[in-house]
Each structure stands twice: as C-alpha cells, then as structure tokens.
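Both counts, for ligands and for their atoms, begin at 1 and track the order of listing.
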Amino acid sequence: MQAQADAWRRAGRRIALVPTMGFLHAGHLSLVRLAREMADKVVVSIFVNPTQFGPGEDLEAYPRDLERDRRLLATEGVDTLFLPSAGEMYPEGYQTRVTLDRLPQHLCGLSRPVHFGGVATVVVKLIHIAKPHLAVFGEKDYQQLLVVRRMVRDLNLDVEIVGAPTVREADGLAMSSRNAYLAEGQRPAALTLSRALTQARQQVAAGERQAAVVIASAVSMIQSEAEAIIDYVKICDPETLEDVSVIDRPVRMALAVRVGRSRLIDNMALVPPNPPESAQGETP
Ligand code: PAF
C-alpha cells in the first residue's frame, strides 16, 4: 500500500482514503463517491479494528461480508481495497497508542472508554500507510469526526479531513452496519432516534432555547417505545462537545440508544432562528 501510494504521489496523483470496517451500505458508498469527486485515486480500507472495541463489545459479532463489499467497491471504481490483518496492524511487540484528553470525555466516550483511543490510533496508522491527501468520514459518527480532526491538527498530519452528511433510510433511520442486528419488530424503537432529533430541530427552529426542555421531549419520545433504552441524550457545543444549556447559537444534539443487541447513535445540528452573525455556521 505504501509503495503504491508513493508511486501515485510521484506521478502527481491526489489520493483519497475512506477508512471503513466493512459490511458496506449506502452511507459508505456516499463517502466513496465524495472521495472520487475530490481525488484521482480512491483507497478504501476495510479493517475491523480490535483496539476500538472494549471488553464485552461486539468485536467478534461485528457483521462481515467481504465478497459483497468487494463487489460494491468494484462498481464504484475504487482503485485500491486495503485489507490489512490484525497481525499486520498490531504485530507482536506493538505498544503505541494515540489518546486525546478531552473529546473522549463526552458522549460515547463515557460508556466506551477505550473506543476513541483505538479509533485515533488506527486512523493515524491508516493515514501513514495510504498517504492520502484527504480522508472522508461520515457525520453519523460525529464524535469520531471531531476526534480525527483534532488529532490531525494536534499531530500536524498533512491530510484534509472531509466530513460527509449522514445517509438515512427512507424512514429516517441513519444507515449503520449495526442496523443488521435489528430484528424486524425493533424498527419502531430504532426510529425513535431520528424522530427525536427531527422533533428537536423543529422545536429549536420554532424558538425553544432551553436545552432541558428539548432534551425532555426527546427522552419522552424515545421512552414511548419500551425496547428503546437510552444511553445518553445530549445537546452540546458542536466543537468541544461540552453541554449547552441555552441554545443561542447552532449546537449539536447527539443520542445513543440501545435497541435489543444494537447500540444505535445519531446526531443532528440544531439551529435557532436568526442566531447572532458571529455564531452562525455549521460545524464541523
Ligand atoms: O467508522 C469506522 O468505521 C471506524 O471507526 C474507522 C474510522 C474505520 C476506524 O476503525
């Protein structure tokens, strides 16, 4: 992979990387298409990264279908599918880990304490291996996108991080490989995430400024489905992820909800009507 990337760079080609854990869906393919628009060569990595799973999480059960993934990527004209093994990524004696001080202290980092260190570590490795000019990440994993952006800035990595909008099913469910764990009857519970976010967006657009009020409405919408068990419902600063109590500028609402075996996450920007000019703008 490194030799290929060096040859492309010598020939003046612009390289885009789309890191994935496979079991691809339309959300991943939208990242690949964006990468294709922005670069000459597109590398997709598939690696179910063990260091971002904590004890008791779904590393073994994580859905895999490499043959289907290969077919999907071939139809997208991907130049290289990079498929490292765990032994190649973390050989005997491996002992280095990238950690961030503050961003992982929020949202998913609280119930998944090793997760973002594992993500940051594998992403910096993939960047050094595929040597991309840009790397594309979905906004569905909003905290991950912030962590990667922060790490790239902090470590002076010479790569542009591009965030791509969340792709949803027709009924609003954010696309995720983990949706494969949902049983048919669990769909109404899974849909409470996007419904709660849409309701919150409407409340804030209509002038509600109290985060506690918006959160309470979201909680009651989610709890209306017995199978939906809330991990967190937060309204936070879109860059630091600190809690926000008064919505007087664009903020981010983020949710994690367990439905059966799946832990689903979703997020959305909440934009108050006519925020002061200095506070406008979507992040990240
Ligand atoms: O979002 C994912 O699929 C993973 O967290 C990533 C970025 C490929 C790192 O393993």
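Using a 4.0 Å cut-off between charged nitrogen and carboxylate oxygen, Arg36 and Glu76 do not count as a salt-bridge pair. A salt bridge does not link Lys125 with Glu88: every distance from a Lys NZ or Arg NE/NH1/NH2 to an Asp or Glu carboxylate oxygen is 4.0 Å or more. Salt bridge annotation for Lys140-Asp266: absent, with no cationic side-chain nitrogen under 4.0 angstrom from a carboxylate oxygen. Here Arg252 does not pair with Asp237 in a salt bridge; the nearest charged N to carboxylate O distance is not below 4.0 Å.
In summary, the atoms of ligand 1 found under 4.0 Å from a heavy atom of Pro19, numbered by their order in the structure, are 8 (C). Numbered from 1 in the order shown, with element, the atoms of ligand 1 that lie under 4.0 Å from a heavy atom of Val122 read 9 (C), 10 (O). Close contacts between ligand 1 and Thr20 involve ligand atoms 8 (C) [criterion: under 4.0 Å to a heavy atom].
Looking at Val148 against ligand 1, nothing comes within 4.0 Å, counting heavy atoms.
For Ser30, the side chain to side chain contact (heavy atoms under 4.5 Å, CB included) test picks out Val167, with sequence neighbours left out. The side-chain hydrogen bond (donor to acceptor under 3.5 Å, both in side chains) search around Asn49 returns Thr51, Gln52, Tyr90, not counting sequence neighbours.
Protein heavy atom at the shortest distance from atom 9 (C) of ligand 1 is Gln52 OE1, 3.3 Å. Atom 1 (O) of ligand 1 has as its closest protein heavy atom Gln144 NE2, 2.8 Å.
At under 3.5 Å, not a single nitrogen or oxygen of Asn49, backbone or side chain, sits near a nitrogen or oxygen of ligand 1.
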